[in-house]
2 protein chains.
Amino acid sequence: MATNLKDLSAKLGLSQTTVSRALNGYPEVSESTRLRVMQVAKEMNYAPNARAKRLATGRTMTIGHVLPVSKKHEMVNPIFADFIAGAGEVYSANGYDLQLSVVEDVDEEGFYRRLAARGTVDGMVVHGPKVNDMRVPLLTELGMPFIVHGRSSDVDLPYNFVDVNNRRSFERATSFLLDLGHRRIALLNGFSDMDFAARRAAGYSSALATRGVSPDPDLMLHDEMTEAFGYDAMRSFFEMDNSPTAVVCSSIIPAIGVRRALWDAGLVMGKDVSVIVHDDDLSYFRNGGDVPEFTAVRSSVREAGRRVGEVLMDMIETPDAPVRQVMLEAALLVGQSTGPAPAFLDAQNNGTVT
Amino acid sequence: MATNLKDLSAKLGLSQTTVSRALNGYPEVSESTRLRVMQVAKEMNYAPNARAKRLATGRTMTIGHVLPVSKKHEMVNPIFADFIAGAGEVYSANGYDLQLSVVEDVDEEGFYRRLAARGTVDGMVVHGPKVNDMRVPLLTELGMPFIVHGRSSDVDLPYNFVDVNNRRSFERATSFLLDLGHRRIALLNGFSDMDFAARRAAGYSSALATRGVSPDPDLMLHDEMTEAFGYDAMRSFFEMDNSPTAVVCSSIIPAIGVRRALWDAGLVMGKDVSVIVHDDDLSYFRNGGDVPEFTAVRSSVREAGRRVGEVLMDMIETPDAPVRQVMLEAALLVGQSTGPAPAFLDAQNNGTVT
DNA sequence: TTGAAAGCGTTACCAT
DNA sequence: ATGGTAACGCTTTCAA
């Protein structure tokens, strides 16, 4: 059906070898024949068969991404789409394809082993690393080039990653609130086995410790990044004797819930309670203009996707270069959601706070 | 490196042919050898090389999805991730891979032609169909099996699709509001060249027409599904002499903005202004429980993804069966965001409404 | 029930 | 600068 090398070379009166070389830009072919080959190839609408190419070269020009989904909560982390968009954009520009595997979180190990053995990808991206993630040693053992979006604490092997400085971001956000006079600061964080959540918690704790504020475990919550999480958390805080005057939120989505809970209670965000979010640049929530609604430690997950793609392609094409470890810094953008600790809420405090 | 058929058959003392047959479940191999083959294959951790398999069979066992992104607004439709999760889940279960191409919306035609010629996918899913979408005739011409998630009006070719009944959903939502006494009903819709938006507008208009309510073009807005869209729209409505008492929203995200605008104005959603959303089951926004916050015409985009995947795989494996056209119905779930048209807003009306 | 060998459409090695 | 041919690792046809 589709014209192949054989047809094309026959038409040209050249060998397949020469035609292949001409098409792939090898230097040892004369410029005149190259031009002629290109010409006829275009006329005949020739496109090389990728299946054959992949078998012959042993490379697939494909990057694998694994999207873990759980059967329980039918929820996909919304930052995933943005990340993929960033990475995929770079792949396309460099002739790579993207293979996406949706996998339920059972038999992870077997899945990765099979993926490696089948040879459908030249390298892969590890998403959502947990603390001490088994995938790092596993993929290393399998000899599969991989890069982690994020990091995995407690892993002693050297590995490639692109990460945003979560610890510093949350230290800065918390310090900012402390500077405003807040002492009761809540943290709405991701599940505690996630590496990013651990680092954010560390930054938060570190900022408190620096000021001599003792952390209150009841103010540090770990859950899925839903609106309901923020809403319910805030409602439960209101039951406390000394409700927090500020909240640091690992995503803008629970912050939407926090905002709603405040409104329900007749309170104003940024006046009665301050809120800072980690903003992954979910553009459907960012309100443009000079004064954004939320104060945010902001970093674009789409940009992270681009970086990850670039680094991984480079890894594949330069296998024995040293390990690549890229750190990104988030910017603190001050918006309307923060302000000084309100007096009436301070008055609730029962003296346990410095 | 990885063990291949040759190694495996050598170890077994059988021919590659027999081993291949045993592994692929051909009937003409004795049960005893099949068991032995399976056994040893597992021991040797054998996995067939997909690249070779694809060349030999001429099939890739891969489905292509194209994610169009625009350079201008760095925004990815959040329902995309859920859809992919649904489709990918079904692919995995059936031994198919998913290839995702991120493509900027230039030279669409060339992109699809190249994709077809390279032969990296056995079939593809068309996302975000527009009215009279060129991809339907294009892919038909190319002989590439494809299925549309949604439909494309004004196309005269028969084609395969899975769509939710958008027209009926919005007719029902609008009728529901009319029943409650609302007469000034706004529609916050997607871009008007999108097919789903056209169908939703048609359903909305039809419901109004049935009651003899004349539609007001100023109440029908088309834009991207962002929070800012809902917020700004609502603010602009407040400037009107007869502000709408109800809003139908094409996604829950602008509805979040509507809710915020109402609060800012000291109004209560579900009391002063009614809101109905089309809920694609973005789980980070659904608040569980028996009484959801939003009244919604609800359909799960993840389920739609599953259906699309099933139908497309069936198409590929049964090429000359008749065209598959699947219609899904959305459920109307009544929540707290709707109520009777408030008197004080009725009083604003200047008589142009029936 | 089993096996030998051709074929899938490229690339890459070795000649010329 | 060009060409012949083996190789990539499977499936599939034909024979036995």
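Chain naming here is simple, since letters A, B, ... match the order of the sequence lines and numbering starts at 1 in each.
Contact between the side-chain N/O atoms of B:Thr33 and the OP1/OP2 oxygens of C:dT1 is not found at any separation under 4.0 Å. A sub-4.0 Å separation between OP1 or OP2 of C:dG3 and a side-chain N or O of B:Thr18 is present.
With respect to the salt-bridge test (charged N to carboxylate O, under 4.0 angstrom), the residues A:Lys130 and A:Asp193 qualify. Ion pairing between a basic and an acidic side chain is recognised when a charged N comes within 4.0 Å of a carboxylate O; A:Asp122 and A:Arg54 show no such pairing. A:Asp281 has no carboxylate O lying under 4.0 Å from a charged side-chain N of A:Arg302, or vice versa, which leaves the two without a salt bridge.
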Where protein sits on nucleotides 6-16 of chain D, one letter per nucleotide: B base, S sugar-phosphate only, - none, heavy atoms under 4.0 Å: --BBBBBB---
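Taking the centre of each ring, B:His65 and B:Tyr91 come in below the 6.0 Å mark.
Of the options B:Phe83, B:Phe146, B:Phe161, a ring pair (Phe, Tyr, Trp, His ring centres under 6.0 Å) to B:His127 is made by B:Phe83 and by none of the others.
In this structure, B:Leu12 places its CG atom 11 Å from P of C:dT2, rounding to the nearest Å. Counting to the nearest Å, the P atom of C:dA4 and the CG atom of B:Leu14 are 11 Å from each other.
For the pair A:Val69 and A:Val103, the minimum side-chain heavy-atom distance is 4.5 Å or more.
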